[in-house]
Amino acid sequence: MNDTSAVLAFDMGASSGRALIGEIIQQEKGEPGLLKITEIHRFPNTPVQFGNYLHWNIAALFQEVKNGIQKAFQSGYTPESYGMDTWGVDFGLIDRNGELVGIPYHYRDTQTIGMVEKTCAQVGRERLFDESGLAFMPFNTIYQLHAMVEASSPKLDIADKLLLTPDLLHYFLTGQQICEFTMATTTQLYHVKDRRWNTQLIEELGLDPSLFIDPVEPGTIIGQIQDSVCQELDVPAIHAIAVASHDTASAVVAVPADSPVFAYLVCGTWSLLGTELSEPLIHPDVLELGFSNEGGAYGTFQLLKNIMGLWILQECKRQWDREGEGYTFGDLVELAEGAQHFRSFIDPDDLRFMNPPDMTAAIQNYCRETEQPVPHSKGDIVRCILESLALRYREVLERIEQLTGNQYAGLHMVGGGIQNELLCQFTANALGRPVWAGPVEASAIGNMLVQFIANGTLKSREEGIELVKKSFPIVSFDPYSTEQWNEAFAKYSGITRGLRSG
């Protein structure tokens with residue numbers, strides 16, 4: 001591993017996490033280096049139900065992070081640093097002795113039911129958007145905390161600091177308490193215009209502003225892994241770097257766009273479709289259409305829409321697995337390819353698909369209620385999901401163009417979901433413009449790029465993007481059957497119109 005620079009990236013999603021090594025390997029003299037990524041550890045991220053509440057198994061996650069660090073060195077790598085990106089909004093509370101208070105709640109926990117309405121009634125819907133820039137997603141940190149206030153949770157009485165998930169894991173490793181900017185903006189308690197915590201709002205909700213640590217920018221060096229952890233793992237100390245810790249923000253860092261004006265889709269359990277701006281777009285139309293302004297790396301904001309994404313398909317597969325059906329995702333896509341097209345559509349963002357006990361029944365009930373043919377075969381159900389997602393992507397992209405005044409030649413799709421090539425092709429067809437798919441490991445790569453820039457190995461984000469373009473394949477999907485997809489879009493819009501405002 002001579003003539004290489006290496007970093008360690010932890011990329012955690014809602015269902016699994018990975019530890020990956022990123023190496024910039026120098027080529028022949030005069031040739032630019034290439035980024036090589038190697039997965040060295042993968043682990044499940046399985047929530048745990050305790051009584052009425054759904055929690056993250058944070059102790060197991062931390063152990064897996066330690067396992068990843070140990071495996072990196074045991075495998076012969078010598079990373080200069082590590083970075084951590086995770087899903088947004090969730091948090092742990094730390095008491096004045098520095099210990100974790102309770103077990104962090106999972107964003108799909110039911111305690112937040114009704115809290116959006118209650119919070120908006122208390123502080124005002126328009127004001128809440130104007131100050132936070134965020135859409136009213138029921139799992140946002142603000143609603144979790146408001147639910148705890150309403151329940152008179154004793155955890156809040158003894159809490160000294162709030163640490164969002166990646167910051168919590170950094171704290172366990174380094175002993176340093178920080179808050180990273182991109183994560184802070186997912187809470188709906190950050191004032192995006194004033195670039196600070198919204199102290200007045202925090203107090204109005206019955207919370208203590210001292211819980212919240214002033215955010216640091218992506219690329220900030222946090223400190224080193226503390227001695228006790230190094231001794232336990234028998235590894236040398238390496239630096240922790242606060243990357244763009246929200247996985248969406250990390251993924252956008254790695255989008256291989258040729259222009260600063262581009263549209264992207266981070267495709268996985270969730271689909272995040274958006275564009276990068278230099279300032280948050282705070283406008284009544286953004287509020288009305290349900291878009292969010294989330295923090296990005298290097299002084300940017302992401303105007304984006306959360307779309308339910310491949311969660312719907314994943315839940316169907318999980319259900320079929322429990323029933324003894326041994327289908328892989330590849331099998332299910334093959335069944336969908338052979339199914340009748342444009343038979344039934346769902347609104348992927350209907351809240352009935354958030355966390356139902358039976359996802360296939362939820363899909364069938366939606367189709368029944370909207371007087372469409374009810375899909376029963378697995379191929380029909382999967383095709384319904386994929387076509388509906390592609391059409392929803394078109395709807396959201398057109399609304400982004402309406403909001404920004406920009407026109408996009410095509411869509412960059414990144415993330416694990418692009419391995420579903422049928423979805424990529426459906427998306428190109430629905431948009432009537434090309435889709436450029438890749439890289440798959442966008443969040444991890446963005447994590448690595450921020451580390452390399454912080455370490456001085458790369459000079460800038462632009463240099464990082466060129467590295468991505470040279471190092472990873474980008475697959476183009478050109479649209480076809482656009483007339484039929486235009487007709488399908490009109491049908492889809494007629495079915496979903498009036499059932500939601502976003």
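Remember, predicted model here, so these are calculated numbers, not experimental data. The first residue in the sequence is number 1, and the count goes up from there.
Under a cut-off of 6.0 angstrom, the local environment of CD in E323 is crowded, with over 12 non-hydrogen atoms contributed by other residues, nucleotides or ligands.
Atom-to-atom distance recorded for L287:CG and D285:CG is 9.0 Å, nearest 0.5 angstrom. Residue D11 holds its CG atom at 9.5 Å from OG1 of T86, rounded to the nearest 0.5 Å.
Between R352 and E369 there is a salt bridge, with a side-chain nitrogen of the basic residue lying less than 4.0 Å from a carboxylate oxygen of the acidic one. Between D258 and K469, at least one side-chain N (NZ, or NE/NH1/NH2) sits under 4.0 Å from a carboxylate O, which counts as a salt bridge. Ion pair R392/E398 not flagged as a salt bridge, since none of the NZ, NE, NH1 or NH2 atoms sits closer than 4.0 Å to an Asp/Glu carboxylate oxygen.
Y480 and Q425 are not linked by any side-chain donor-acceptor pair at a separation below 3.5 angstrom, with hydrogens and angles left out of the test. Looking at H246 and T186, their side chains never bring a donor and an acceptor atom within 3.5 Å of each other. The closest side-chain donor-acceptor pair between T248 and Q302, if any, does not fall under 3.5 angstrom. Residues E294 and T185 have side chains that never bring a donor and an acceptor to within less than 3.5 angstrom of each other. Under 3.5 Å, the side chains of S271 and Y393 contain a donor-acceptor pair of N or O atoms. Looking only at atom types and distance, the side chain of S476 has no donor-acceptor partner in the side chain of D478 under 3.5 Å away. A side-chain donor-acceptor contact under 3.5 Å links Q188 and Y143. Counted by atom type alone, Q372 and T370 present one or more donor-acceptor pairs between their side chains at under 3.5 Å. Counted by atom type alone, R394 and N486 present one or more donor-acceptor pairs between their side chains at under 3.5 Å. In the model, D90 has a side-chain atom that pairs as donor or acceptor with a side-chain atom of Q144 under 3.5 Å. Between the side chains of T182 and E180, at least one donor N or O lies within less than 3.5 Å of an accepting N or O. Side-chain contact check for T112 and Y105: no donor-acceptor pair (N or O, by modelled atom type) lies under 3.5 Å.
Applying the salt bridge (charged side-chain N to carboxylate O under 4.0 Å, His left out) criterion to K491, with sequence neighbours excluded, gives no partner residue.
Between Y82 and H170, the gap from one ring centroid to the other is short of 6.0 Å.
Considering W270, W56, F139 as possible partners of W87, the one that fulfils the ring pair (Phe, Tyr, Trp, His ring centres under 6.0 Å) test is W56.
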Practice item. Apply ring pair (Phe, Tyr, Trp, His ring centres under 6.0 Å) to the pair F10 and H41, showing each step before the final yes or no. Key: CA-CA 9 Å; F10 288 96; H41 186 47; 8.3 Å; no
**Study point:** From CA spacing to verdict: side chain to side chain contact (heavy atoms under 4.5 Å, CB included), Y492, E395
**Key:** CA-CA 10 Å; Y492 163 87; E395 183 176 31; 3.3 Å; yes
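Legend: salt bridge (charged side-chain N to carboxylate O under 4.0 Å, His left out) pairs involving residues 324-340, not counting sequence neighbours, sorted by first then second residue: E325-K378.
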